[in-house]
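We name chains A, B, ... by the order of the sequence lines, and we start the count at 1 in each one.
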Protein chains: 2
Amino acid sequence: MLINELAKKTGISVHTIRFYEKSGLISGHRDPMVKSNNYFHYDDVVVEKLELIRDAKSIGFTISEIAQLIEAWYDEQLSLDEKLKVLDAKLESIDEKITQLKAMRKLLKVFRKDIINGDC
Amino acid sequence: MLINELAKKTGISVHTIRFYEKSGLISGHRDPMVKSNNYFHYDDVVVEKLELIRDAKSIGFTISEIAQLIEAWYDEQLSLDEKLKVLDAKLESIDEKITQLKAMRKLLKVFRKDIINGDC
DNA sequence: AGCAACCATAGACTATACTCTAATGTTGTT
DNA sequence: AACAACATTAGAGTATAGTCTATGGTTGCT
């Protein structure tokens with residue numbers, strides 16, 4: 001599919017997709033048979049990657065963290081050990097974020113009780 | 001205390017503290033008695049606020065979200081209802097983030113198993 | 001052939017959140 | 001009095017992550 005269809009399918013704008021491509025997160029490919037234009041084509045793996053990007057972004061991962069994750073996920077060159085290293089680091093940072101979020105939730109809940117009781 | 005001491009106490013740089021002050025998250029006050037300089041003084045509430053800012057930032061809250069939270073926490077003018085509204089919105093967004101993080105953790109754990117089994 | 005809708009690239013612009021520099025004045029110690 | 005270490009403001013610079021504009025070429029439909 002071409003970029004416009006990809007954008008419609010993922011809900012991510014053409015501009016943003018191009019930005020992600022320039023950042024190395026995804027890549028389209030040209031058809032060497034076609035000489036009349038230089039259009040890029042994108043397959044279903046790119047759709048998958050863009051969905052992963054959206055999910056990873058929503059939990060606060062940066063572009064370069066997502067790049068690592070995608071490399072671990074899709075790069076056949078990378079060794080098992082290197083993949084595990086990236087993965088375990090990400091899992092650890094997720095656990096840390098969950099811990100911090102829970103601490104903040106607890107804090108806010110205590111504060112909520114306090115203001116209802118008129119202590120604040 | 002003056003800004004330098006505040007920076008040392010919180011581990012947040014003088015520049016960043018000034019940035020937070022300009023953003024309205026905290027505020028120092030001048031001593032009207034002192035005429036020879038225009039130095040700002042900061043109290044322990046500011047230390048508290050800066051610690052809240054650091055915690056809130058680490059879980060991905062933006063400056064303007066933190067501003068709302070600090071307003072709910074410290075602004076006596078704000079009504080109970082308005083405070084609760086802000087607080088409940090923040091609690092909800094925290095729960096949502098935790099849910100998303102857990103989903104991503106699950107995904108990564110499945111992927112981890114797969115690559116160990118050589119399915120990837 | 002005409003034309004809307006698409007494609008590509010380069011580069012400008014925006015928002016957020018800092019981070020630093022310059023210029024200038026004050027305080028405290030020797 | 002000299003001087004380091006601090007204070008202030010204004011404004012410039014950086015990094016991240018987009019978002020948009022301009023320009024020019026291509027495709028598909030009438």
Side-chain angles (χ1 to χ4, degrees), chain A residues 1-43 46-47 49-70 90 93 97 100, chain B residues 1-43 46 49-70 93 97 100:
Chain A
M1 80 193 83
L2 298 181
I3 198 161
N4 200 36
E5 198 184 335
L6 180 63
K8 273 168 192 155
K9 199 169 261 181
T10 60
I12 298 170
S13 80
V14 168
H15 283 305
T16 302
I17 290 171
R18 289 223 166 92
F19 170 70
Y20 289 154
E21 184 155 17
K22 225 171 38 179
S23 305
L25 297 186
I26 58 152
S27 52
H29 51 93
R30 284 184 167 131
D31 187 343
M33 295 295 117
V34 179
K35 298 283 185 186
S36 63
N37 68 40
N38 55 353
Y39 293 3
F40 285 101
H41 295 259
Y42 303 88
D43 55 24
V46 176
V47 176
K49 283 182 183 176
L50 286 174
E51 279 159 2
L52 176 63
I53 291 168
R54 194 185 14 225
D55 291 349
K57 277 203 56 55
S58 83
I59 61 168
F61 278 16
T62 64
I63 296 285
S64 79
E65 284 177 315
I66 297 171
Q68 286 172 19
L69 199 56
I70 285 181
K90 293 290 164 279
S93 85
K97 277 182 191 175
Q100 288 173 330
Chain B
M1 80 194 83
L2 299 181
I3 198 160
N4 202 35
E5 198 184 334
L6 180 63
K8 272 168 191 152
K9 198 169 260 183
T10 58
I12 296 171
S13 80
V14 169
H15 283 306
T16 302
I17 290 171
R18 289 225 166 89
F19 169 71
Y20 289 153
E21 185 156 17
K22 226 172 36 178
S23 306
L25 298 186
I26 58 153
S27 51
H29 52 92
R30 285 183 166 130
D31 188 342
M33 296 294 118
V34 180
K35 298 283 185 187
S36 64
N37 68 39
N38 55 352
Y39 293 3
F40 285 101
H41 296 259
Y42 303 88
D43 56 22
V46 176
K49 283 182 183 176
L50 285 173
E51 279 158 3
L52 177 64
I53 290 167
R54 195 185 11 226
D55 290 349
K57 276 201 55 57
S58 82
I59 60 167
F61 278 17
T62 64
I63 297 286
S64 80
E65 284 176 316
I66 296 169
Q68 286 174 19
L69 199 55
I70 286 181
S93 86
K97 277 181 189 177
Q100 288 173 330

Without swapping roles, check the side chain of B:Gln100 against the backbone of A:Asp55 for a donor-acceptor pair under 3.5 Å.
-> no
Would you say C:dA17 has OP1 or OP2 under 4.0 Å from some side-chain N or O of B:Thr16?
-> no
Can you find a side chain N or O atom of A:Asn37 that sits less than 4.0 Å from OP1 or OP2 on D:dT27?
-> yes
In terms of side-chain heavy atoms of A:Ile3, which of D:dA7, C:dC7, D:dT9 is nearest?
-> C:dC7
Please check if the side chain of B:Ser23 supplies one atom and the backbone of B:Leu25 the other of a donor-acceptor pair under 3.5 Å.
-> no
Test for a donor-acceptor pair under 3.5 Å between the base of C:dG25 and the side chain of B:Tyr39, counting only N and O atoms.
-> yes
5'-most by nearest nucleotide on DNA chain D - A:His15 or A:Val34 = A:His15
Would you mind reading off the distance between A:Lys22 atom NZ and C:dA12 atom C1', rounded to a whole angstrom?
-> 11 Å
So what does B:Ser13 hit on the nucleic acid, given a heavy-atom distance under 4.0 Å: a base, only sugar-phosphate, or nothing?
-> nothing
Check whether any side-chain N or O of A:Asn38 sits under 4.0 Å from OP1 or OP2 of C:dA8, and answer yes or no.
-> no
Nucleotide C:dT19, atom P - distance to CD1 of B:Ile12 in whole Å = 11 Å
Rounded distance (Å) that lies between atom P of D:dA17 and atom CZ of A:Phe61 | 13 Å
Let me know the distance between CD1 of B:Ile53 and C1' of C:dC18, rounded to the nearest Å.
-> 13 Å
Closer than 4.0 Å, any side-chain N/O of B:Tyr20 to the OP1 or OP2 of C:dA17?
-> no
For the pair made of CZ in B:Phe19 and P in D:dT14, what is the distance, rounded to whole Å?
-> 17 Å
Close side-chain approach of A:Met1 to A:Lys9, heavy-atom, < 4.5 Å | yes
Would a 4.5 Å heavy-atom cut-off, applied to side chains only, mark A:Gln68 and A:Lys90 as touching?
-> yes
Among C:dC18, D:dC6, C:dC7, the one nearest B:Ile63 by side-chain distance | C:dC18
Ignoring backbone atoms, test whether B:Lys57 places a side-chain nitrogen or oxygen under 4.0 Å from the OP1 or OP2 oxygen of C:dC18.
-> yes
Measure the distance from CD on A:Glu5 to C1' on C:dC7 and round it to the nearest whole Å.
-> 14 Å
Can you check the A:Met1 CE to D:dT27 P distance for me, whole Å?
-> 20 Å
Taking the six-membered ring of B:Tyr39, is the NZ or CZ of B:Arg30 close enough (under 6.0 Å from the centre) and on axis enough (within 45°)?
-> no
Atom OH of A:Tyr42 and atom C1' of C:dC6 are separated, to the nearest Å, by 13 Å
